[in-house]
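Step one of this worksheet: look at the structure below.
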2 protein chains.
Amino acid sequence: MDTNKMNTKQALNLLKQNGYKYTGKREDMIHFFDKENRYRTAKDLLHHMEPNYKGISVDTIYRNLHLFHSLGILESTDLNGEKHFRMKCDHHHHHHFICKNCGETKEIHHCPMDKIVQELDSYEVEDHKFEIYGFCPACK
Amino acid sequence: MDTNKMNTKQALNLLKQNGYKYTGKREDMIHFFDKENRYRTAKDLLHHMEPNYKGISVDTIYRNLHLFHSLGILESTDLNGEKHFRMKCDHHHHHHFICKNCGETKEIHHCPMDKIVQELDSYEVEDHKFEIYGFCPACK
DNA sequence: TTATAGATAAGATACTGTCTCATCTAATGG
DNA sequence: CCATTAGATGAGACAGTATCTTATCTATAA
């Protein structure tokens with residue numbers, strides 16, 4: 001097993017613990033991300049939901065994506081100016097290889113930050129992003 | 001001297017070599033980026049141009065940004081879903097610390113990719129992004 | 001000076017994402 | 001089980017970034 005990401009049950013618990021309601025839509029949304037190690041967009045999620053929830057509002061998609069992100073259920077990154085989301089990996093710090101075609105991710109167990117802090121002692125480091133892009137074995 | 005980035009003269013030569021015209025607007029746009037080691041947005045550039053070029057079209061801004069980028073005059077990155085541009089650094093491969101407040105950049109002379117290729121031999125690696133975010137000495 | 005390839009302005013258009021507000025519903029306590 | 005209500009949703013307007021189309025303009029070279 002490569003990953004140890006959040007699962008549907010933990011996610012629904014987080015909702016409950018924070019006073020948010022457990023709706024069928026939310027369960028399906030979380031399932032959608034739980035299934036795969038893959039970054040997906042709001043549009044991907046909308047297309048997944050539409051057949052089962054006729055007339056679902058785009059705003060419901062965005063509101064829940066943000067809620068899930070703020071609760072630590074999802075993590076996100078910008079790819080080509082569009083926000084992409086995936087189930088949060090909840091163990092040790094790591095980075096991702098991201099397939100440009102299907103969004104599949106693979107963990108990279110190496111972070112260069114340790115060696116760099118000394119170069120930046122007059123700066124205030126808040127965050128960093130290290131991502132590798134290309135094509136996964138299935139897409140290449 | 002920390003950087004060895006492209007300068008205005010080289011940029012204008014690139015335009016000429018590729019059959020593009022040398023206009024006052026383009027010279028000012030390139031000057032705008034040449035002055036600083038800093039990522040700026042299309043809107044930043046538009047605001048810089050407007051006082052001197054009343055009624056300048058936003059499309060002129062975008063078209064020239066893309067032209068400059070395709071000619072290798074500018075490099076770009078997505079920050080908060082918005083494209084940011086800076087003068088291209090034309091020497092050895094490196095990454096940047098980016099100030100979240102003013103866009104100032106500082107070169108990071110360490111790239112982790114060498115050690116990672118072996119982890120990805122069944123993947124096709126095309127590109128990577130390594131950026132550090134925080135506040136520069138002037139902004140922190 | 002003229003011809004023309006490239007540049008520009010203007011405004012329409014597309015796309016991602018957010019806001020407001022009225023309505024609806026899951027969860028809770030009685 | 002029902003009533004209450006905080007939270008959830010749908011609808012559509014709206015905002016911001018970016019692109020496209022078309023007519024007009026201009027830098028450049030012959």
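The sequence lines fix the lettering, A, B, ..., with proteins before strands; numbering per chain opens at 1. Everything numeric in this text was worked out from a predicted model, so none of it was measured.
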The test is side chain to side chain contact (heavy atoms under 4.5 Å, CB included); show your working for His95(B) and Lys129(B) and say whether it passes. CA-CA 8 Å; His95(B) 297 280; Lys129(B) 179 174 194 166; over 6 Å; no
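Between Glu119(A) and Lys115(A), none of the side-chain N atoms (NZ, or NE/NH1/NH2) sits under 4.0 Å from a carboxylate O, so this pair counts as no salt bridge. Between Asp34(A) and Lys5(A), at least one side-chain nitrogen of the basic residue sits less than 4.0 Å from a carboxylate oxygen of the acidic one, meeting the salt-bridge criterion.
For the OP1/OP2 pair of dT8(C) and a distance below 4.0 Å, the side-chain nitrogens and oxygens of Asn64(B) include at least one atom meeting the criterion.
Atom CG of Leu46(A) is separated from atom P of dT16(C) by 10 Å (rounded to the nearest Å). In this structure, His66(A) atom NE2 and dT9(D) atom C1' are separated by 16 Å, rounded to whole Å. Going from atom CG of Asn80(A) over to atom C1' of dC15(C) covers 14 Å, rounded to whole Å. A straight line from OH of Tyr62(B) to C1' of dA7(C) spans 18 Å, rounded to a whole angstrom. When rounded to the nearest whole Å, the span between CD1 of Ile61(A) and P of dA8(D) equals 15 Å. Between Tyr22(A) atom OH and dT28(C) atom P the separation is 14 Å, expressed in whole Å. dA18(D) atom P lies 9 Å from atom NE2 of His84(B), rounded to whole Å. As a whole-Å value, the separation of Lys21(B) NZ from dT8(C) P is 9 Å.
Atom NZ of Lys9(A) sits about 14.0 Å away from atom CD1 of Ile30(A), to the nearest 0.5 Å.
Between the side chain of Lys83(B) and the base of dA18(D) there is no donor-acceptor pair of N/O atoms closer than 3.5 Å. Evaluation of atom-type donor-acceptor distances gives no pair under 3.5 Å for the side chain of Lys25(B) against the base of dA7(C).
Direction change of the helix axis from one end of the helix from dT1(C)-dA30(D) to dG30(C)-dC1(D) to the other is 30°, with five pairs defining each end axis (rounded to 10°).
Comparing Leu15(A) and Thr41(B) by the nucleotide of DNA chain D that holds the closest heavy atom to each, the one mapping nearer the 5' end is Leu15(A). Position along DNA chain C of the nearest nucleotide to Tyr20(B) versus Asp59(B) favours Tyr20(B) as the more 5'-ward residue. Nearest-nucleotide positions on DNA chain D for Gly55(A) and Leu67(A) put Leu67(A) closer to the 5' end.
Between dA26(C), dT20(C), dT16(C), one nucleotide has an atom nearer to the side chain of Thr23(A) than all others, and that is dA26(C).
Gly19(A) comes within 4.0 angstrom of the backbone, heavy atoms only, and of no base. Nucleic acid contact class of Arg26(A) (heavy atoms, under 4.0 Å, all strands): sugar-phosphate only.
Checked against a 6.0 Å centroid threshold, the rings of Tyr123(B) and Phe135(A) do not count as neighbours. Taking the ring centroids of His48(B) and His31(B), they lie at or beyond the 6.0 Å cut-off. Taking the centre of each ring, His110(A) and His94(A) stay at or above the 6.0 Å mark.
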